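This structure is a prediction, so every number in the text was calculated from the model and none was measured.
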Amino acid sequence: METSDPSLAQLGWKPFFSEQLSAEQRSHCQPVRVMSVHRGRVTVLGEGFEDSISSNLATPGGAEDRPTVGDWLLIDRDTSSLVRILDRTSLFKRPAPGDHRRVQLIAANVDTLFIVTSCNQDFNIARIERYLVLSREAGVRPVVVITKADLSPDPQRFVDAARELQSGLRVELVDGRDPTSAARLAGYCGLGETVALVGSSGVGKSTLVNTLRGSDSIATQAVREDDGKGRHTTTVREMHRLVGGADEGGWLVDTPGMRELQMSDVATGVTEVFDDVTAVTLECRFSNCTHGDEPGCAIHAAMAAGNIDPARVERWRKLAQEDAVNSGAAAVRRSRPEKPGNRR
Ligand SMILES: Nc1nc2c(ncn2[C@@H]2O[C@H](COP(=O)(O)OP(=O)(O)OP(=O)(O)O)[C@@H](O)[C@H]2O)c(=O)[nH]1
Ligand SMILES: [Mg+2]
Ligand SMILES: [Zn+2]
């Protein structure tokens with residue numbers, strides 16, 4: 001398919017970014033957007049510019065000072081070297097799998113998060129809640145996208161269960177292989193809009209990107225027959241452009257299926273996603289109530305009265321505890337000077 005070079009607006013450039021440029025930077029630098037990240041290098045796209053450049057900053061800073069997919073960079077017009085990462089409208093990150101003290105950046109400058117799950121064994125309320133916490137923390141609008149509607153005799157029950165999580169939560173049910181069905185998602189990916197797709201392996205993230213783009217350029221693979229799990233087909237996070245029709249210029253960030261989603265530094269997100277539970281805790285007699293067997297615990301009273309779901313309380317407790325442990329470990333780590341040569 002013939003596609004024209006995207007303009008800055010089609011790439012998602014907004015006043016928020018242009019306002020960050022000094023007069024000097026305006027004359028010597030060019031903004032480009034990160035399409036994908038590879039060891040030490042990033043593939044970038046700008047107006048009339050497409051290249052792979054070194055991702056090293058002249059003066060590296062902390063863990064978040066490295067480019068990730070969706071980032072806007074300023075590069076030198078003459079040398080194409082990276083001058084600076086522009087401040088982000090949003091940033092998705094998580095504790096790195098295998099080393100929870102490190103942070104893994106997932107994507108930046110995302111407008112909408114598609115939390116993708118399917119009408120089968122993958123569907124898991126606790127996992128959706130984790131992604132909701134992540135999107136709250138990142139400041140991004142979440143949409144729960146439930147795929148494989150065609151495989152369930154009663155797909156509506158998955159939709160109902162997801163809708164219960166949050167009033168006003170957007171939930172979409174699709175057959176990701178069917179263009180007519182997937183078209184209901186096109187409204188989220190209009191001109192210059194960036195949508196990131198996250199979820200377990202095999203739920204159909206890449207299939208959705210292919211269908212929305214009217215292409216089959218991204219590899220997909222059947223799930224395992226015994227347990228319905230995916231085979232970790234996608235291995236890099238990458239931006240894909242939507243072309244054609246009114247949606248021209250939207251971007252989809254396909255991501256590898258996540259094996260685990262640990263929480264760290266997300267206390268605000270947990271409080272907001274579980275606002276029904278946290279509202280009740282304010283009524284506990286002791287402000288440091290652990291909701292164990294203290295007298296005057298409002299959580300216990302609410303559960304006994306059937307006003308709050310004990311399973312939801314248990315999920316909240318687990319997430320809050322996990323966040324406290326991981327955030328504590330991360331804080332200790334931050335307070336130590338970083339070993340030279342240990343930077344990634
Ligand atoms: N029946 C049906 N199959 C689907 C649907 N969406 C995806 N699939 C199939 O599910 C399998 C996995 O899809 P992928 O798109 O590779 O899944 P993914 O989420 O990208 O997986 P990873 O890249 O491993 O994270 C493929 O065989 C798809 O054809 C759907 O809505 N209905
Ligand atoms: Mg994939
Ligand atoms: Zn209590």
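Heavy-atom contacts from other residues, nucleotides or ligands closer than 6.0 Å to CG of D275 number more than 12.
A salt bridge does not link R312 with E164: every distance from a Lys NZ or Arg NE/NH1/NH2 to an Asp or Glu carboxylate oxygen is 4.0 Å or more. With respect to the salt-bridge test (charged N to carboxylate O, under 4.0 angstrom), the residues K14 and D111 qualify. Ion pairing between K93 and D265 fails under the 4.0 Å rule for side-chain N and carboxylate O.
Side-chain polar atoms of T117 and D122 form a donor-acceptor pair below 3.5 angstrom. One side chain, E294 or T290, offers a donor N or O that lies under 3.5 Å from an acceptor on the other.
Of the possible donor and acceptor atoms, one in the side chain of R184 sits under 3.5 Å from a partner among the backbone N and O of L173. Side-chain N or O atoms of S327 include none that pairs as donor or acceptor with a backbone N or O of A324 at under 3.5 Å. The main-chain N or O of S7 is found under 3.5 Å from a side-chain atom of Q10 such that the two form a donor-acceptor pair.
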Taking it one step at a time, do V133 and M263 satisfy side-chain contact (heavy atoms from CB on, under 4.5 Å)?
-> CA-CA 9 Å; V133 167; M263 302 272 113; 3.9 Å; yes

Audit row: V83, H28, side-chain contact (heavy atoms from CB on, under 4.5 Å) steps and yes/no | CA-CA 10 Å; V83 173; H28 289 101; over 6 Å; no

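Taking CG of L45 as the reference point, atom CH2 of W251 lies at 5.0 Å (rounded to 0.5 Å). Separation of atoms CG (L74) and CZ (F17) is listed at 11.0 Å; rounding is to 0.5 Å.
For the side-chain hydrogen bond (donor to acceptor under 3.5 Å, both in side chains) criterion with S206, the lone passing option out of T255, T233, D254 is D254. Looking at E322, E260, E137 one by one, the single match for salt bridge (Lys or Arg N to Asp or Glu O under 4.0 Å) with R130 turns out to be E322. Residue R41 forms a side chain to side chain contact (heavy atoms under 4.5 Å, CB included) with just one option from S54, S55, S36, and that option is S54. Checking V195, T68, T194, V209 one by one against V253, the side chain to side chain contact (heavy atoms under 4.5 Å, CB included) holds for a single residue, T194.
Taking the six-membered ring where the residue is Trp, F123 and F158 present perpendicular rings, their angle passing 60° and hence far from 30°. Note on ring orientation: taking the six-membered ring where Trp is involved, the planes of Y188 and F114 are perpendicular (angle over 60°, cut-offs 30° and 60°).
The side-chain hydrogen bond (donor to acceptor under 3.5 Å, both in side chains) test applied to Q262 returns N326, not counting sequence neighbours. In this structure H240 satisfies the ring-ring contact (aromatic ring centres under 6.0 Å, His included) test with no other residue, sequence neighbours excluded.
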